[in-house]
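Before any comments, here is the structure.
Because only heavy atoms are used, hydrogens play no part in the values below, and waters and symmetry mates are left out as well, while side chains stay in. Throughout, a chain's letter reflects where its sequence line sits, starting with A, and its residues are numbered from 1. Since the model is a prediction, treat every value here as computed from it, not as a measurement.
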2 protein chains.
Amino acid sequence: MTPLDETDKRLLAILQAEGRLPIQELAARAGLSTSPCWRRVRKLEESGVIRGYAALVDARAVGLLTRAYVHVSLVDHSEETIRRFDAFVAQEPQIVECASVTGADDYLLKVVARDPEALEHFLMHRILRLGIVRASTTHFVLGQKKETTVLPLD
Amino acid sequence: MTPLDETDKRLLAILQAEGRLPIQELAARAGLSTSPCWRRVRKLEESGVIRGYAALVDARAVGLLTRAYVHVSLVDHSEETIRRFDAFVAQEPQIVECASVTGADDYLLKVVARDPEALEHFLMHRILRLGIVRASTTHFVLGQKKETTVLPLD
DNA sequence: GCTGAAAGGAGAATGAG
DNA sequence: CTCATTCTCCTTTCAGC
């Protein structure tokens with residue numbers, strides 16, 4: 001848990017954009033040689049700063065043309081209700097984000113689907129039929145202006 | 001643009017979870033040998049189905065403890081206003097998601113910050129001071145239940 | 001801590017069957 | 001798709017700054 005120095009941040013910035021870059025090139029771009037570069041990356045991985053590596057798939061190319069943000073309120077806040085909702089979210093691959101949030105509603109979900117009809121069907125038949133959702137408000141995405149996995153590192 | 005077969009989908013599913021897996025292991029897990037596996041992956045990359053590879057960084061580990069979703073309405077919908085807002089979003093690394101959405105507001109942003117104060121400061125001094133935001137509603141994230149880059153592939 | 005070099009082994013990438 | 005081959009890159013260890 002030792003804080004990141006400027007070199008670590010440079011490595012992370014590069015790897016966030018190009019996760020498969022060979023250590024040699026990474027080292028060259030960050031201005032150090034391969035041995036310490038390799039050691040640093042390994043440390044970042046082991047300490048959990050780098051949670052993993054992922055291929056980023058284009059949603060359109062796999063036929064997922066529709067997405068929406070859905071505000072959700074539960075019927076109550078018993079342990080059992082929350083547990084069931086969490087389990088549902090975890091197990092449902094169409095839900096790609098879920099956070100409990102401040103405001104009038106309990107959760108904000110991000111849902112992907114093939115088309116608006118499929119999304120509506122998912123809302124009606126999978127979420128609302130759970131029997132634990134009191135109310136929901138859906139915001140369909142008209143245009144995705146930005147969507148990045150890159151976090152700012154000051 | 002040829003549609004994905006089951007083997008492609010299996011490769012994508014694996015690579016979405018482990019983007020740095022060696023081709024040999026990937027091939028073994030998907031049940032084919034290395035050459036055709038490598039060729040398929042290359043095709044997926046070139047055709048844009050795989051947009052790229054990224055190291056996933058743990059937000060907490062780099063001191064980003066706070067995030068929020070922000071609904072935003074612009075003062076007007078002139079080309080100039082929209083252009084300025086888009087440019088701002090694109091250039092601002094703390095904004096990790098931005099979509100224009102249906103509903104009462106124009107945009108929904110996802111913003112990350114060091115702490116709630118830094119987030120409030122970002123909203124007040126960077127977004128609202130643009131002079132083109134009419135109204136905004138902020139939902140602070142209390143708990144991130146799910147956050148994945150993995151898309152469902154049917 | 002860092003660099004540079006060097007070595008063996010692993011994996012990427014291609015061509016032919 | 002399999003097989004075989006070439007060549008790049010990874011990974012480790014050493015030396016020395």
Problem set entry | Any side-chain heavy-atom pair of B:Trp38 and B:Leu26 under 4.5 Å | no
For this session: Kindly determine whether A:Glu80 and A:Arg83 satisfy salt bridge (Lys or Arg N to Asp or Glu O under 4.0 Å), including the steps that lead there.
Result: CA-CA 5 Å; A:Glu80 170 66 7; A:Arg83 197 195 54 69; 3.4 Å; yes
For this session: Determine the minimum heavy-atom distance between B:Asp105 and B:His71, stating which atoms define it.
Result: OD2-CB, 3.4 Å
For this session: Apply salt bridge (Lys or Arg N to Asp or Glu O under 4.0 Å) to B:Glu147 and A:Arg51, showing your working.
Result: CA-CA 12 Å; B:Glu147 191 176 24; A:Arg51 282 164 36 213; 5.3 Å; no
Exercise. Any ion pair linking B:Glu6 and B:Arg10 (charged N to carboxylate O, less than 4.0 Å)?
Worked result: no
For this session: Round to the nearest Å and state the distance from B:Arg42 atom CZ to C:dG11 atom C1'.
Result: 16 Å
Exercise. How do A:Pro36 and B:Thr34 order along DNA chain C: which one's closest nucleotide is nearer the 5' end?
Worked result: A:Pro36
For this session: Determine whether any donor atom in the side chain of A:Ser35 lies under 3.5 Å from an acceptor atom in the base of D:dT11, or the reverse, and answer yes or no.
Result: no
For this session: Send over the distance from B:Lys43 NZ to C:dA13 P, rounded to a whole Å.
Result: 17 Å
Exercise. Looking only at atom types and distance, does a side-chain atom of B:Glu18 sit under 3.5 Å from a main-chain N or O of B:Arg20, one as donor and one as acceptor?
Worked result: no
For this session: Take atom CG of A:Leu32 and atom P of C:dG1, then tell me their distance rounded to the nearest Å.
Result: 13 Å
Seminar exercise, completed: When rounded to whole Å, the CZ to P distance for the pair A:Arg39 and C:dG1 reads 9 Å
Exercise. How does DNA chain C look in dot-bracket notation if pairs are Watson-Crick or G-U with both distances under 3.5 Å, crossing ones as [ ], other-strand ones as |?
Worked result: ||.||||||||||||||
Exercise. Between C:dA13 and B:Trp38, is there an OP1 or OP2 to side-chain N/O distance shorter than 4.0 Å?
Worked result: yes
Exercise. Taking DNA chain D as the partner, which of residues 5-25 of chain A come within under 4.0 angstrom of it by heavy atom?
Worked result: A:Pro22, A:Ile23, A:Gln24
Exercise. Does A:Ser100 use its side chain to pair, donor to acceptor, with the backbone of B:Gly143 at less than 3.5 Å?
Worked result: yes
Exercise. Do the side chain of B:Gln94 and the main chain of B:Val112 share a donor and acceptor less than 3.5 angstrom apart?
Worked result: yes
For this session: Report yes or no: does A:Lys146 contribute a side-chain atom to a donor-acceptor pair with the main-chain N or O of B:Glu92 at less than 3.5 Å?
Result: yes
For this session: Would you tell me if any nitrogen or oxygen in the side chain of A:Arg40 comes within less than 4.0 Å of OP1 or OP2 on C:dC2?
Result: yes
